[in-house]
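Notes for the one structure printed next.
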There are 2 protein chains.
Amino acid sequence: MYQKPTLKLLAEKLQLSTSTVSKALKDSAEISVDTKKRVAELAKLMGYRPNTAAASLRNRETRTIAVILPEIVNDFFGQVLMGIEEEASQHNYKIVICISNESYEKEMDYMEMFSNGAVDGFIMAAAMGTQELGKFEHYHNILNSGLKLVMFDRVIDSLDCDKIIVDDAASGSRLVDFLKSKGDRNICIASTISKVSVGQLREQGIRNRVEELDGLQLNVVAHEEDSSFLTQMEGSFKKDNIHSIIALDQRAGIMALNKAHELGIKVPQELQIICYSNSNMAKYSYPQLTVVDQHSRELGKKTFIRILNLLKNKDEVQVTKVHTLKTSLIERGTTRK
Amino acid sequence: MYQKPTLKLLAEKLQLSTSTVSKALKDSAEISVDTKKRVAELAKLMGYRPNTAAASLRNRETRTIAVILPEIVNDFFGQVLMGIEEEASQHNYKIVICISNESYEKEMDYMEMFSNGAVDGFIMAAAMGTQELGKFEHYHNILNSGLKLVMFDRVIDSLDCDKIIVDDAASGSRLVDFLKSKGDRNICIASTISKVSVGQLREQGIRNRVEELDGLQLNVVAHEEDSSFLTQMEGSFKKDNIHSIIALDQRAGIMALNKAHELGIKVPQELQIICYSNSNMAKYSYPQLTVVDQHSRELGKKTFIRILNLLKNKDEVQVTKVHTLKTSLIERGTTRK
DNA sequence: AGTTGATTTGAAAACGCTTTCGTGAAAGCA
DNA sequence: TGCTTTCACGAAAGCGTTTTCAAATCAACT
């Protein structure tokens, strides 16, 4: 089988040393324009590609980032991943992907597995299991070993690392104002993510604002599991006189909408629904769901850029460790004009 | 900052040579049980992890597979990726992810970028752009350079490589039978993927069966772009007397369903819909879509196992290069009992 | 005691790259 | 011409592993 060209091979063919060839390819000032050209030409001709393992070994950097996601069949995380990947490929970085499946153990395993120098850093959103258990030593281990860590969306408050989040609490508050302005008094929170940080933040933001304002009522329907959620939702529809629903995640939103259909409730005339996450599911529902857009792709890009900065300014201290993105409301078919 | 333990460091502490330590950690028969134990203990104590770059360089294998997907915010590809990832992590392989965004150029760039020894092989589904253009030299380059390549779902017929696909044509044929048995005569194909291989195969399977049988009528609504698709769909609903729709992809399915809602067509009483891909969108639609399940996660696992075999039996010739998985119909709310 | 064989360990090279440092040649200047 | 400076290149070391081959030790058998 055909042998991949190496520096040595190029050097032989050109009657040069590997050092010269290496420098020439890096456009070093030490090398004459003439030989640079010769080297570049042959390299192109032979399809030379530097061996990454060798470069990693020598340079002590892998140009690889591990991305640990709680799940992947989920538009939000998918979009974030897109953003990360896009930015990474532009900067000539590789992304290795790990799916924790919301499990603390898997998350830990992955972090251990890659803490040997296989990657330069981690981008991650905490697994539900981790947030429930509240065990964070694996994060500390990573940080202590000098690897970079940037968390997004589902972050650990007590952890001293860089974080990219959205204004979950503030947005919740804004939604209440929005619904009140439409005349709704009886608001229901629907959630399948009440065990993760963002779910709690959103709920808190809503709750606080409801208490600040007068004459508003709040219900909560929360369950991770579809069927329990649906029966709870149905119960709430029947006994409480719900004017509007704020769904803290796409699944809760779509299930609430479907249940409303089933019960013959007219959306948005009799019931308004706002849903977190600008997902395809929300876009292709009927009617199209009004959503809180987290600008997830942008979030992914920002997250990558942040870790890139950490990697570059090796010793400089970052001042602002937490970066908050502002969400925006996309009004569609489940809210009134 | 703290220095990662290496073989050399372990060796010094134990008063051994690196060779011995290396062998001991690999449980070589050359080494006495006693020293093996000593080495193992210290290694564990110090948290030794072999440097992957060094091992890659020496062993000429990276234990890394590049996965190139046309898109990631798509339940089918997401599920396949899950399967791949699951199997990979079990076999101690890494997955680097690339998103071609349906573009021929990006696909090519990625394959070039990784064809240097950064990965041991590729798992991929062809981008729409590639299938449209019909340019496949980049695949040949990969194969010639000795890297392994396994394609899934969107494969290139003329390419001599391993492929994992589903019985697209056959399943199309079965769907026709199914619908006919329910009394439908006027079938409409809805597609946003008529430019990719699987879309064409499914359509062909349906078309052939319709021609074989008597008294059936076939319409086609196909457009990649949402708004054009929707207006075409609406036109078809109004002029053709459609009994049922076979949607070749999830987007087409959900859009057809929504349009039916909009026009007040009762599903499934007046119109049956069957949709390819067992996606969340289909599961959480109202009513829930009847779908063709491609067992996508299983497909992902099979794909990884295939490439793993290629990697192991380096010289052995694989006999069956194409592996076809059987799809199954999941009857839900958009078809009649 | 001498030879053999088995057992356990080590020295050294290699994987492909980068970088420091050194060297020879050409150029500049007096 | 003799000196320094600049320019262009090469030698060599080292990144952390793995593996081949040789060496050392010790027991066993003549």
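Quick note on labels: first sequence line is chain A, next is B, and so on, each numbered from 1.
Base pairing in DNA chain C gives the following stems of 3 or more Watson-Crick or G-U pairs, range against range and under 3.5 Å: C:1-30 with D:1-30.
Look at Glu87(A) and Lys302(A) and you find no salt bridge, because none of the NZ, NE, NH1 or NH2 atoms lies under 4.0 Å from a carboxylate O. The pair Glu102(B)-Arg154(B) meets the salt-bridge criterion, with a side-chain N (NZ, NE, NH1 or NH2) lying under 4.0 Å from an Asp/Glu carboxylate O.
Within residues 5-13 of chain B, the residues that place at least one heavy atom under 4.0 Å from DNA chain D are, in residue-number order, Thr6(B), Leu7(B). For the segment residues 32-48 of chain A, the set of residues with a heavy atom within less than 4.0 Å of an atom of DNA chain C comprises Tyr48(A), in numerical order.
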Determine all donor-acceptor pairs shorter than 3.5 Å in which one atom belongs to a side chain in residues 64-78 of chain A; sequence neighbours excluded.
| from | atom 1 | to | atom 2 | distance (Å) |
| --- | --- | --- | --- | --- |
| Thr64(A) | OG1 | Thr62(A) | O | 3.0 |
| Glu71(A) | OE2 | Asn74(A) | ND2 | 3.0 |
| Asn74(A) | OD1 | Phe76(A) | N | 2.8 |
| Asn74(A) | OD1 | Phe77(A) | N | 3.3 |
| Asp75(A) | OD2 | Asn280(A) | N | 2.6 |

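Rounding to the nearest 0.5 angstrom, the gap separating the SG atom in Cys98(B) from the CZ atom in Phe122(B) is 7.5 Å.
For Arg63(B), the salt bridge (charged side-chain N to carboxylate O under 4.0 Å, His left out) criterion is met by Glu61(B), not counting sequence neighbours.
In terms of polar N and O atoms assigned as donor or acceptor, the side chain of Arg58(B) never comes within less than 3.5 Å of the base of dT17(D) in a complementary pairing.
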Pick out the pairs of N or O atoms, protein on one side and nucleotides 20-22 of chain C on the other, that lie under 3.5 Å.
| from | atom 1 | to | atom 2 | distance (Å) |
| --- | --- | --- | --- | --- |
| dT20(C) | O4 | Lys23(A) | NZ | 3.3 |

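Distance Arg60(B) CZ to dG16(D) P: 20 Å, rounded to the nearest Å. Arg63(A) places its CZ atom 12 Å from the P atom of dT18(C), with the value rounded to the nearest Å.
Across dA13(D), dT17(D), dT18(D), the shortest atom-to-atom separation from the side chain of Asn59(B) is found for dT18(D). Minimum atom distance to the side chain of Thr20(A) is reached by dC9(D), of the listed dT17(D), dT18(C), dC9(D).
Side chains of Glu112(B) and His138(B): no donor on one and acceptor on the other come within 3.5 Å.
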